[in-house]
Protein chains: 2
Amino acid sequence: MTDKRPFHHGDLRAALISAAATAIERDGIENLSLRGLAQDIGVARSAPYRHFPTKQDLLDAVAAASRQDCHAAYAAIPSDLPPRVRLKRAGQFYLDYVRAHPNMVELIFADHAAAPGQAASESPLLLFIDMVRDAMPGAEDGEIVRTAMTCWSALHGFSLLALSGRTARAGLVDDTDDAVLDTIFRMVPG
Amino acid sequence: MTDKRPFHHGDLRAALISAAATAIERDGIENLSLRGLAQDIGVARSAPYRHFPTKQDLLDAVAAASRQDCHAAYAAIPSDLPPRVRLKRAGQFYLDYVRAHPNMVELIFADHAAAPGQAASESPLLLFIDMVRDAMPGAEDGEIVRTAMTCWSALHGFSLLALSGRTARAGLVDDTDDAVLDTIFRMVPG
DNA sequence: TCGCAATGTGTGCACCGCTCACATTGCATG
DNA sequence: CATGCAATGTGAGCGGTGCACACATTGCGA
């Protein structure tokens, strides 16, 4: 410990995930290099392969960690607010998050391998299903799920299109998130 | 011409774009290699750089070509159909296209450079604006544009989420495109 | 006709992901 | 408490990549 560079790092796995997340947020996914990462941390360039057989495995781990953080933030929305208010809060959070962490969002949703996995409990879908169910009481389950799904889709799509500047084309520049969210949640009847 | 391999290829630029498009559809964007492309075509590995200073420039050109093809298909929807029918046709086309050409869609929307460019005339937004305008006569322009924007967003988001398997989680597996499109176009009042 | 710009060639550089034999360490077992 | 083995880190190396550069070949316009 007192040595400048002990042979064993201590927790190289966690350090790699953390450093990778930082680097990705700063430089984008495609600019991440395992060798550079190792050099930043101060280990040999082959050391990361002890913990992640493949670069993709590291990316998956970063995506999983980021997904958890994100989910925790969703879950912090008070559940005793009126359903439509909760929907708008969640929607605003989604837009804000994508704008604040575009590279992380790209990573999370590029992680095709984890998509059909059991991480379903962390999917935004479940959150939206709960809110939509409260907002349209008496509706049948299929209708609720489908509505939640399309709300999430609209939020997701709008965030991505806005990120790449594709919304600022036809005079939409001065549109507020608020108006967009109202339009989206028109899909929720009542 | 009669020679097996003439010194000048003839139209290497077009050949590169075409071969790149094929390779991307088959193997994905990140597996495209300029060297491999050159070898497939039968030129030296440095030849492509005469036409595209950078790999990204090739990708941009492929994206532009693909965008044009896609736009032509949209424009083929008969304009004398009732607006809601046209909306549904366009929506179904969008879903089909993304499912049929996932890698191309990824390329088109990863092309951040071209997004704010003057290619706006080929944006799906304009198509949707026309249809939505017909569907909600008398509405003010801002409202029309915003509604078209959110419809496109929902289609876009749903396609991407469906592609990565994120919609087949909460019993949505047996949902039909038709029901999803109906839900989305609830955003269009009337 | 002829000279020059456009196009294609061959080589080389730096970087990358990944592999492998080897060195070092800490922990569990005697 | 010793000690041997699995976990972890090291260093060199392989094949592949994007890109740069000097050179060869071609076709077109003056």
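Labels below follow one simple rule: chain letters A, B, ... track the order of the sequence lines, proteins then strands, and each chain is numbered from 1.
Ionic pairing of A:D177 and A:R99 is present here: one or more N-O contacts between side-chain nitrogen and carboxylate oxygen are shorter than 4.0 angstrom. Under a 4.0 Å N-O distance rule, the pair A:R86/A:D134 qualifies as a salt bridge. At a threshold of 4.0 Å, the pair B:R35-B:D40 does not count as salt-bridged, since none of the basic side-chain nitrogens sits closer than that to a carboxylate oxygen.
Aromatic ring pairs are classed by plane angle as parallel below 30°, tilted from 30° to 60° and perpendicular above 60°; the pair B:F93 and B:Y74 is perpendicular. Using the six-membered ring where Trp is involved, A:F109 and A:H156 have ring planes that are tilted, between 30° and 60° apart.
As a whole-Å value, the separation of B:K55 NZ from D:dG16 P is 15 Å. Between the C1' atom of D:dT10 and the CD atom of A:Q39 lies a distance of 14 Å, rounded to the nearest Å. Distance CG (B:D57) to P (D:dG18): 13 Å, rounded to an integer number of Å. In this entry the distance linking CG of A:D11 with C1' of D:dG9 reads 14 Å, nearest Å. A:L58 has its CG atom 15 Å from the C1' atom of C:dC16, to the nearest Å. If you measure from atom CG of A:L12 to atom C1' of C:dG26, you get 16 Å, rounded to the nearest angstrom.
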Restricting to nitrogen or oxygen on both sides, can you table the protein-nucleotides 19-22 of chain C pairs closer than 3.5 Å?
unit_1, atom_1, unit_2, atom_2, d
C:dA21, N6, A:R50, NH2, 3.2

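Annotation: the span from A:D27 atom CG to A:T22 atom OG1 amounts to 10.5 Å, rounded to 0.5 Å.
Scanning both residues, A:S66 and A:Y97, for their nearest heavy atoms gives OG-OH, 3.6 Å. Taking every heavy atom of both residues into account, B:R84 and B:P189 meet most closely at NH1-O, 3.9 Å.
A residue-by-residue look at B:R35 and B:R13 shows that B:R13 has its nearest nucleotide of DNA chain C further toward the 5' end.
Residues of residues 15-34 of chain B that place a heavy atom closer than 4.0 Å to DNA chain D, in numerical order, are B:L32, B:S33, B:L34.
Using a 4.0 Å cut-off, some side-chain N or O of B:H51 falls inside it from OP1 or OP2 of C:dG8.
Between B:L181 and B:Q92 there is a side-chain heavy-atom pair separated by less than 4.5 Å.
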